[in-house]
S.K.: 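The structure under discussion is supplied below as C-alpha coordinates; questions concerning it will follow.
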There are 2 protein chains.
Amino acid sequence: MNETLPIRPDYEGELRKAGVRITRPRKVILSILADAGDHPDALEIFKRAVEIDSGISLSTVYRTMKLLEGVGAIHRHAFEGGPSRFEPAGVEHHDHLIDLDTGDVIEFHSQRIEELQQEIARELGYDIVHHRLELYGRKRRAKASRGG
Amino acid sequence: MNETLPIRPDYEGELRKAGVRITRPRKVILSILADAGDHPDALEIFKRAVEIDSGISLSTVYRTMKLLEGVGAIHRHAFEGGPSRFEPAGVEHHDHLIDLDTGDVIEFHSQRIEELQQEIARELGYDIVHHRLELYGRKRRAKASRGG
DNA sequence: TATTTAGTTGCAAACGATTTGCAATTGCAT
DNA sequence: ATGCAATTGCAAATCGTTTGCAACTAAATA
Ligand SMILES: [Mn+2]
Ligand SMILES: [Mn+2]
Ligand SMILES: [Zn+2]
Ligand SMILES: [Zn+2]
(Lines give C-alpha, C1' and ligand atoms only; values in the text may rest on other atoms or scores of the structure.)
(Ligands and ions follow the chains in the order given, each with its own letter.)
Protein backbone atom coordinates (compact mmCIF):
# COMPACT_ATOMS: atom_id res chain seq x y z
CA MET A 1 0.00 0.00 0.00
CA ASN A 2 1.20 3.52 -0.66
CA GLU A 3 0.34 6.75 1.09
CA THR A 4 -1.70 9.38 -0.66
CA LEU A 5 -0.77 12.93 0.14
CA PRO A 6 -3.96 14.70 1.13
CA ILE A 7 -3.23 17.68 -1.05
CA ARG A 8 -5.96 20.23 -1.12
CA PRO A 9 -5.99 21.24 -4.76
CA ASP A 10 -5.74 24.97 -5.34
CA TYR A 11 -8.94 25.12 -7.29
CA GLU A 12 -9.44 28.84 -7.28
CA GLY A 13 -6.02 29.57 -8.66
CA GLU A 14 -6.42 26.89 -11.26
CA LEU A 15 -9.72 28.36 -12.32
CA ARG A 16 -8.60 31.98 -12.32
CA LYS A 17 -5.79 30.90 -14.56
CA ALA A 18 -8.40 29.40 -16.86
CA GLY A 19 -10.24 32.73 -16.99
CA VAL A 20 -13.12 31.65 -14.81
CA ARG A 21 -14.79 34.05 -12.42
CA ILE A 22 -14.73 33.11 -8.79
CA THR A 23 -18.27 33.66 -7.62
CA ARG A 24 -19.88 32.91 -4.30
CA PRO A 25 -21.66 29.77 -5.49
CA ARG A 26 -18.48 28.52 -7.07
CA LYS A 27 -16.48 29.07 -3.94
CA VAL A 28 -18.98 27.07 -1.98
CA ILE A 29 -19.06 24.23 -4.46
CA LEU A 30 -15.29 24.16 -4.72
CA SER A 31 -14.88 23.96 -0.99
CA ILE A 32 -17.30 21.05 -0.89
CA LEU A 33 -15.41 19.22 -3.58
CA ALA A 34 -12.07 19.99 -2.03
CA ASP A 35 -12.87 18.14 1.15
CA ALA A 36 -15.27 15.52 -0.14
CA GLY A 37 -13.91 12.12 0.72
CA ASP A 38 -16.56 10.38 -1.30
CA HIS A 39 -17.99 10.60 -4.83
CA PRO A 40 -21.07 12.82 -4.46
CA ASP A 41 -23.60 13.40 -7.21
CA ALA A 42 -24.98 16.80 -8.18
CA LEU A 43 -27.91 16.61 -5.82
CA GLU A 44 -25.69 15.66 -2.91
CA ILE A 45 -23.34 18.54 -3.70
CA PHE A 46 -26.35 20.81 -3.90
CA LYS A 47 -27.54 19.71 -0.47
CA ARG A 48 -24.15 20.29 1.07
CA ALA A 49 -23.95 23.66 -0.66
CA VAL A 50 -27.29 24.81 0.65
CA GLU A 51 -26.06 24.22 4.21
CA ILE A 52 -23.38 26.81 3.56
CA ASP A 53 -25.33 29.19 1.35
CA SER A 54 -29.04 28.63 1.07
CA GLY A 55 -29.28 30.70 -2.08
CA ILE A 56 -27.50 28.28 -4.35
CA SER A 57 -29.50 26.56 -7.04
CA LEU A 58 -29.23 23.07 -8.43
CA SER A 59 -28.78 24.48 -11.91
CA THR A 60 -25.69 26.25 -10.77
CA VAL A 61 -24.33 23.06 -9.34
CA TYR A 62 -24.84 21.33 -12.67
CA ARG A 63 -23.35 24.22 -14.57
CA THR A 64 -20.38 24.36 -12.28
CA MET A 65 -19.73 20.65 -12.51
CA LYS A 66 -19.73 20.87 -16.25
CA LEU A 67 -17.39 23.82 -16.15
CA LEU A 68 -15.00 22.13 -13.75
CA GLU A 69 -15.05 19.00 -15.85
CA GLY A 70 -14.29 21.10 -18.88
CA VAL A 71 -11.18 22.62 -17.37
CA GLY A 72 -10.13 19.22 -16.09
CA ALA A 73 -10.54 20.05 -12.42
CA ILE A 74 -12.85 17.15 -11.67
CA HIS A 75 -13.74 13.75 -13.03
CA ARG A 76 -17.23 12.60 -13.76
CA HIS A 77 -18.20 8.99 -13.12
CA ALA A 78 -21.34 7.38 -14.47
CA PHE A 79 -21.62 4.30 -12.34
CA GLU A 80 -24.22 1.73 -13.20
CA GLY A 81 -27.71 3.01 -12.80
CA GLY A 82 -27.33 6.19 -10.85
CA PRO A 83 -26.62 9.81 -11.76
CA SER A 84 -23.18 11.23 -12.47
CA ARG A 85 -20.87 11.37 -9.51
CA PHE A 86 -17.83 13.56 -9.14
CA GLU A 87 -14.43 13.74 -7.58
CA PRO A 88 -11.50 16.16 -7.69
CA ALA A 89 -9.08 15.40 -10.49
CA GLY A 90 -5.99 16.13 -8.47
CA VAL A 91 -5.46 12.65 -7.14
CA GLU A 92 -3.58 9.84 -8.83
CA HIS A 93 -5.48 7.85 -11.40
CA HIS A 94 -7.44 4.97 -10.00
CA ASP A 95 -10.40 2.80 -10.85
CA HIS A 96 -13.39 1.79 -8.78
CA LEU A 97 -15.00 -1.19 -7.16
CA ILE A 98 -18.66 -0.63 -6.32
CA ASP A 99 -20.24 -2.60 -3.53
CA LEU A 100 -23.59 -3.70 -4.93
CA ASP A 101 -25.11 -4.08 -1.49
CA THR A 102 -24.04 -0.88 0.19
CA GLY A 103 -23.21 1.35 -2.75
CA ASP A 104 -19.76 1.94 -1.28
CA VAL A 105 -17.14 2.99 -3.78
CA ILE A 106 -13.68 1.55 -3.23
CA GLU A 107 -10.70 2.85 -5.12
CA PHE A 108 -7.90 0.73 -6.46
CA HIS A 109 -5.10 0.89 -8.94
CA SER A 110 -3.27 -1.72 -10.94
CA GLN A 111 -0.29 -0.61 -12.92
CA ARG A 112 -0.30 -3.99 -14.59
CA ILE A 113 -3.85 -3.54 -15.87
CA GLU A 114 -3.06 -0.05 -17.08
CA GLU A 115 -0.15 -1.43 -19.05
CA LEU A 116 -2.19 -4.23 -20.51
CA GLN A 117 -4.80 -1.75 -21.66
CA GLN A 118 -2.15 0.24 -23.48
CA GLU A 119 -0.84 -2.91 -25.03
CA ILE A 120 -4.27 -3.97 -26.24
CA ALA A 121 -5.08 -0.57 -27.69
CA ARG A 122 -1.74 -0.48 -29.43
CA GLU A 123 -2.35 -3.87 -31.00
CA LEU A 124 -5.67 -2.61 -32.26
CA GLY A 125 -4.02 0.47 -33.69
CA TYR A 126 -5.38 2.91 -31.15
CA ASP A 127 -4.18 5.46 -28.63
CA ILE A 128 -6.20 5.48 -25.43
CA VAL A 129 -7.62 8.88 -24.52
CA HIS A 130 -9.19 7.65 -21.35
CA HIS A 131 -10.78 4.54 -19.99
CA ARG A 132 -13.21 3.27 -17.46
CA LEU A 133 -12.79 0.21 -15.32
CA GLU A 134 -15.45 -0.57 -12.79
CA LEU A 135 -15.83 -3.72 -10.75
CA TYR A 136 -19.25 -4.45 -9.28
CA GLY A 137 -19.27 -6.94 -6.47
CA ARG A 138 -20.22 -7.95 -2.99
CA LYS A 139 -18.25 -8.63 0.11
CA ARG A 140 -16.95 -12.16 0.13
CA ARG A 141 -18.74 -14.20 2.74
CA ALA A 142 -16.68 -16.43 4.94
CA LYS A 143 -16.89 -19.88 3.33
CA ALA A 144 -17.95 -21.81 6.44
CA SER A 145 -20.49 -19.83 8.36
CA ARG A 146 -23.85 -20.19 10.02
CA GLY A 147 -24.73 -16.55 10.33
CA GLY A 148 -27.37 -14.88 8.10
CA MET B 1 -38.49 -8.01 -48.63
CA ASN B 2 -37.67 -10.89 -46.34
CA GLU B 3 -39.19 -14.33 -45.91
CA THR B 4 -38.92 -16.13 -42.63
CA LEU B 5 -37.67 -14.51 -39.46
CA PRO B 6 -34.56 -16.51 -38.68
CA ILE B 7 -34.91 -16.63 -34.93
CA ARG B 8 -32.12 -18.43 -33.23
CA PRO B 9 -33.99 -21.51 -31.92
CA ASP B 10 -32.12 -21.77 -28.67
CA TYR B 11 -32.90 -18.15 -28.04
CA GLU B 12 -36.61 -18.67 -28.11
CA GLY B 13 -36.42 -21.87 -26.11
CA GLU B 14 -34.38 -20.10 -23.50
CA LEU B 15 -37.13 -17.59 -23.10
CA ARG B 16 -39.94 -20.12 -23.04
CA LYS B 17 -38.06 -21.93 -20.32
CA ALA B 18 -38.03 -18.68 -18.40
CA GLY B 19 -41.82 -18.48 -18.70
CA VAL B 20 -41.83 -15.71 -21.24
CA ARG B 21 -44.53 -15.51 -23.87
CA ILE B 22 -43.36 -15.46 -27.44
CA THR B 23 -45.32 -12.64 -29.00
CA ARG B 24 -45.01 -11.14 -32.43
CA PRO B 25 -43.11 -8.03 -31.27
CA ARG B 26 -40.75 -10.19 -29.28
CA LYS B 27 -40.08 -12.45 -32.21
CA VAL B 28 -39.20 -9.46 -34.34
CA ILE B 29 -36.93 -7.93 -31.72
CA LEU B 30 -35.28 -11.25 -31.04
CA SER B 31 -34.55 -11.77 -34.70
CA ILE B 32 -33.02 -8.32 -34.93
CA LEU B 33 -30.81 -8.99 -31.97
CA ALA B 34 -29.87 -12.42 -33.19
CA ASP B 35 -28.27 -11.12 -36.32
CA ALA B 36 -27.12 -7.71 -35.19
CA GLY B 37 -23.41 -7.47 -35.74
CA ASP B 38 -23.23 -4.17 -33.92
CA HIS B 39 -24.41 -2.77 -30.58
CA PRO B 40 -27.70 -1.03 -31.40
CA ASP B 41 -29.59 1.18 -28.98
CA ALA B 42 -33.33 0.97 -28.32
CA LEU B 43 -34.23 3.49 -31.00
CA GLU B 44 -32.12 1.71 -33.58
CA ILE B 45 -33.72 -1.61 -32.70
CA PHE B 46 -37.10 0.07 -32.94
CA LYS B 47 -36.31 1.37 -36.42
CA ARG B 48 -35.18 -2.03 -37.59
CA ALA B 49 -38.26 -3.59 -36.02
CA VAL B 50 -40.63 -1.22 -37.76
CA GLU B 51 -39.22 -2.34 -41.10
CA ILE B 52 -40.41 -5.82 -40.31
CA ASP B 53 -43.61 -5.00 -38.44
CA SER B 54 -44.76 -1.41 -38.55
CA GLY B 55 -47.02 -1.90 -35.57
CA ILE B 56 -44.30 -2.24 -33.00
CA SER B 57 -43.90 0.54 -30.46
CA LEU B 58 -40.81 1.98 -28.87
CA SER B 59 -42.22 1.20 -25.43
CA THR B 60 -42.33 -2.44 -26.31
CA VAL B 61 -38.74 -2.33 -27.43
CA TYR B 62 -37.73 -0.84 -24.11
CA ARG B 63 -39.85 -3.31 -22.18
CA THR B 64 -38.45 -6.22 -24.15
CA MET B 65 -34.87 -5.11 -23.67
CA LYS B 66 -35.44 -4.93 -19.95
CA LEU B 67 -37.03 -8.34 -19.96
CA LEU B 68 -34.26 -9.91 -22.00
CA GLU B 69 -31.69 -8.32 -19.79
CA GLY B 70 -33.52 -9.69 -16.78
CA VAL B 71 -33.37 -13.26 -18.01
CA GLY B 72 -29.77 -12.78 -19.03
CA ALA B 73 -30.36 -13.08 -22.76
CA ILE B 74 -28.71 -9.78 -23.59
CA HIS B 75 -26.18 -7.38 -22.15
CA ARG B 76 -26.75 -3.67 -21.75
CA HIS B 77 -23.88 -1.28 -22.28
CA ALA B 78 -23.94 2.34 -21.20
CA PHE B 79 -21.11 3.81 -23.16
CA GLU B 80 -20.01 7.34 -22.43
CA GLY B 81 -22.62 9.87 -23.32
CA GLY B 82 -25.14 7.97 -25.39
CA PRO B 83 -28.15 5.81 -24.59
CA SER B 84 -27.99 2.15 -23.59
CA ARG B 85 -26.81 -0.19 -26.29
CA PHE B 86 -27.41 -3.91 -26.45
CA GLU B 87 -25.95 -7.15 -27.65
CA PRO B 88 -26.88 -10.83 -27.35
CA ALA B 89 -25.40 -12.46 -24.27
CA GLY B 90 -24.53 -15.69 -26.01
CA VAL B 91 -21.06 -14.74 -27.09
CA GLU B 92 -17.91 -15.05 -25.04
CA HIS B 93 -17.21 -12.30 -22.57
CA HIS B 94 -15.33 -9.38 -23.97
CA ASP B 95 -14.75 -5.70 -23.32
CA HIS B 96 -14.92 -2.71 -25.63
CA LEU B 97 -12.78 -0.08 -27.22
CA ILE B 98 -14.77 2.90 -28.49
CA ASP B 99 -13.38 4.99 -31.31
CA LEU B 100 -13.97 8.57 -30.19
CA ASP B 101 -13.93 9.87 -33.76
CA THR B 102 -16.16 7.37 -35.52
CA GLY B 103 -18.11 5.86 -32.66
CA ASP B 104 -17.01 2.41 -33.77
CA VAL B 105 -17.08 -0.23 -31.08
CA ILE B 106 -14.24 -2.73 -31.15
CA GLU B 107 -14.33 -5.84 -29.04
CA PHE B 108 -11.36 -7.32 -27.25
CA HIS B 109 -10.57 -9.73 -24.50
CA SER B 110 -7.66 -10.08 -22.14
CA GLN B 111 -7.58 -13.11 -19.93
CA ARG B 112 -4.75 -11.51 -18.02
CA ILE B 113 -6.82 -8.44 -17.20
CA GLU B 114 -9.73 -10.58 -16.14
CA GLU B 115 -7.47 -12.47 -13.77
CA LEU B 116 -5.99 -9.31 -12.36
CA GLN B 117 -9.45 -7.97 -11.68
CA GLN B 118 -10.30 -11.09 -9.72
CA GLU B 119 -7.09 -10.78 -7.81
CA ILE B 120 -7.74 -7.16 -6.94
CA ALA B 121 -11.29 -7.82 -5.82
CA ARG B 122 -10.12 -10.73 -3.72
CA GLU B 123 -7.53 -8.59 -2.00
CA LEU B 124 -10.24 -6.08 -1.19
CA GLY B 125 -12.44 -8.82 0.18
CA TYR B 126 -14.93 -8.86 -2.66
CA ASP B 127 -16.41 -11.22 -5.21
CA ILE B 128 -16.94 -9.64 -8.60
CA VAL B 129 -20.50 -9.93 -9.88
CA HIS B 130 -19.72 -8.19 -13.12
CA HIS B 131 -17.48 -5.49 -14.41
CA ARG B 132 -17.11 -2.92 -17.11
CA LEU B 133 -13.96 -2.11 -18.97
CA GLU B 134 -14.13 0.46 -21.72
CA LEU B 135 -11.25 2.03 -23.56
CA TYR B 136 -11.91 5.32 -25.35
CA GLY B 137 -9.38 6.24 -27.96
CA ARG B 138 -8.50 7.28 -31.45
CA LYS B 139 -6.71 5.59 -34.27
CA ARG B 140 -3.00 5.95 -33.91
CA ARG B 141 -1.66 8.19 -36.60
CA ALA B 142 1.43 7.07 -38.45
CA LYS B 143 4.30 9.02 -36.85
CA ALA B 144 5.77 10.36 -40.09
CA SER B 145 3.03 11.11 -42.53
CA ARG B 146 1.73 13.82 -44.77
CA GLY B 147 -1.75 12.46 -45.36
CA GLY B 148 -4.93 13.73 -43.64
C1' DT C 1 -14.49 54.61 -5.40
C1' DA C 2 -17.96 54.83 -9.22
C1' DT C 3 -18.92 53.09 -13.69
C1' DT C 4 -19.27 49.60 -16.90
C1' DT C 5 -20.30 45.31 -18.93
C1' DA C 6 -19.72 40.61 -19.91
C1' DG C 7 -20.06 36.59 -17.15
C1' DT C 8 -23.08 34.36 -13.90
C1' DT C 9 -27.18 33.39 -11.41
C1' DG C 10 -31.98 31.47 -9.99
C1' DC C 11 -36.05 30.18 -11.82
C1' DA C 12 -38.97 27.70 -14.68
C1' DA C 13 -39.56 25.47 -18.66
C1' DA C 14 -37.46 22.19 -22.00
C1' DC C 15 -34.91 18.24 -22.71
C1' DG C 16 -33.70 13.11 -24.09
C1' DA C 17 -33.91 8.59 -22.50
C1' DT C 18 -36.68 5.59 -20.28
C1' DT C 19 -40.72 4.05 -17.57
C1' DT C 20 -45.51 3.54 -16.49
C1' DG C 21 -50.96 3.60 -16.21
C1' DC C 22 -54.52 2.06 -18.72
C1' DA C 23 -57.78 0.11 -21.86
C1' DA C 24 -57.60 -2.84 -25.77
C1' DT C 25 -55.47 -6.93 -27.56
C1' DT C 26 -53.40 -11.49 -27.71
C1' DG C 27 -50.86 -15.86 -26.37
C1' DC C 28 -51.78 -20.02 -24.86
C1' DA C 29 -53.66 -23.31 -21.40
C1' DT C 30 -58.06 -25.38 -20.97
C1' DA D 1 -63.41 -22.11 -29.24
C1' DT D 2 -63.18 -19.98 -24.57
C1' DG D 3 -61.23 -17.42 -20.77
C1' DC D 4 -58.02 -14.86 -18.60
C1' DA D 5 -53.58 -13.24 -17.40
C1' DA D 6 -49.80 -11.44 -19.98
C1' DT D 7 -48.71 -8.12 -23.30
C1' DT D 8 -49.40 -4.29 -26.22
C1' DG D 9 -49.66 0.75 -28.10
C1' DC D 10 -50.43 5.11 -26.69
C1' DA D 11 -49.94 9.07 -23.95
C1' DA D 12 -48.51 10.93 -19.93
C1' DA D 13 -45.09 10.72 -16.32
C1' DT D 14 -40.48 10.34 -14.56
C1' DC D 15 -35.48 11.19 -13.91
C1' DG D 16 -31.29 13.52 -14.46
C1' DT D 17 -29.77 17.25 -16.76
C1' DT D 18 -29.75 21.43 -19.76
C1' DT D 19 -31.27 25.91 -21.27
C1' DG D 20 -33.68 30.71 -22.11
C1' DC D 21 -34.07 34.70 -19.89
C1' DA D 22 -34.18 38.74 -16.96
C1' DA D 23 -31.90 40.10 -12.79
C1' DC D 24 -27.52 40.26 -10.62
C1' DT D 25 -22.43 40.67 -9.79
C1' DA D 26 -17.28 40.05 -10.45
C1' DA D 27 -13.79 42.48 -11.85
C1' DA D 28 -11.76 45.47 -15.34
C1' DT D 29 -11.79 50.46 -16.14
C1' DA D 30 -12.02 55.23 -15.27
MN1 LIG E 1 -12.33 7.88 -7.09
MN1 LIG F 1 -19.76 -6.46 -27.59
ZN1 LIG G 1 -7.42 2.76 -14.79
ZN1 LIG H 1 -13.88 -8.07 -19.10
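Just so you know, these numbers come straight off a predicted model, no measurement behind them. Below, chain A is the first sequence line, B the second, and so on; all start at residue 1.
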S.K.: Starting at CG of A:Leu67 and ending at P of C:dG7, how long is that distance when rounded to a whole Å?
M.R.: 13 Å
S.K.: For a side-chain contact (heavy atoms from CB on, under 4.5 Å) check, start with the C-alpha distance between B:Ile32 and B:Phe86, then their side-chain angles and the critical distance, and finish with the verdict.
M.R.: CA-CA 11 Å; B:Ile32 289 169; B:Phe86 308 90; over 6 Å; no
S.K.: A:Leu43 or A:Arg63: which one's nearest nucleotide on DNA chain D is closer to the 5' end?
M.R.: A:Leu43
S.K.: Hey, does the side chain of A:Arg26 come within less than 4.0 Å of C:dT9's phosphate (OP1/OP2), counting only N and O?
M.R.: yes
S.K.: Remember a base hit wins even if backbone is also touched, and classify B:Gly55 as base, sugar-phosphate or nothing at under 4.0 Å, heavy atoms.
M.R.: sugar-phosphate
S.K.: Start at the 5' end of DNA chain C and walk down; is the nucleotide closest to A:Val61 or to B:Phe86 reached first?
M.R.: A:Val61
S.K.: Taking the six-membered ring for Trp, are B:His94 and B:His96 parallel (under 30°), tilted (30 to 60°) or perpendicular (over 60°)?
M.R.: perpendicular
S.K.: Just how far is it from atom CZ of B:Arg63 to atom CG of B:Leu68, taken to the nearest 0.5 Å?
M.R.: 13.5 Å
S.K.: Whole-Å distance between C:dT18 P and B:Ile45 CD1?
M.R.: 10 Å
S.K.: Do the side-chain N or O atoms of B:Lys66 get closer than 4.0 angstrom to the phosphate oxygens (OP1, OP2) of C:dT18?
M.R.: no
S.K.: CE of A:Met65 versus P of D:dT18: gap in Å, rounded?
M.R.: 11 Å
S.K.: Give a yes/no on whether any side-chain N or O of A:Tyr62 is located under 4.0 angstrom from OP1 or OP2 of D:dT18.
M.R.: no
S.K.: Whole Å only: how far is the CG atom of B:Leu68 from the C1' atom of C:dT18?
M.R.: 16 Å
S.K.: Verify the contact: side-chain N or O of A:Ser84 to OP1 or OP2 of D:dT17, cut-off strictly under 4.0 Å; return yes or no.
M.R.: yes
S.K.: Given C:dC28, D:dA27, D:dG9, which nucleotide is nearest the side-chain atoms of B:Pro25?
M.R.: D:dG9
S.K.: In whole angstrom, give the distance that lies between atom CG of B:Asp41 and atom C1' of C:dA17.
M.R.: 10 Å
S.K.: If you measure only the distance, is there a donor-acceptor pair under 3.5 Å linking the side chains of B:Glu107 and B:His109?
M.R.: no
S.K.: Separation of A:His77 atom NE2 from D:dG16 atom C1', in whole Å?
M.R.: 18 Å
S.K.: Does C:dT9 have its OP1 or OP2 closer than 4.0 Å to a side-chain nitrogen or oxygen of A:Thr23?
M.R.: yes
S.K.: Assert yes or no for the condition that the ring centre distance of B:His93 to B:His130 is strictly below 6.0 Å.
M.R.: no
S.K.: B:Phe46 has an atom CZ; how far is it from atom P of C:dG16, in whole Å?
M.R.: 16 Å
S.K.: Measure the distance from CD1 on A:Ile56 to C1' on D:dC24 and round it to the nearest whole Å.
M.R.: 15 Å
S.K.: Relative to the 5' end of DNA chain C, which residue comes earlier, A:Ser59 or B:Leu58, by the nucleotide with the nearest heavy atom?
M.R.: A:Ser59
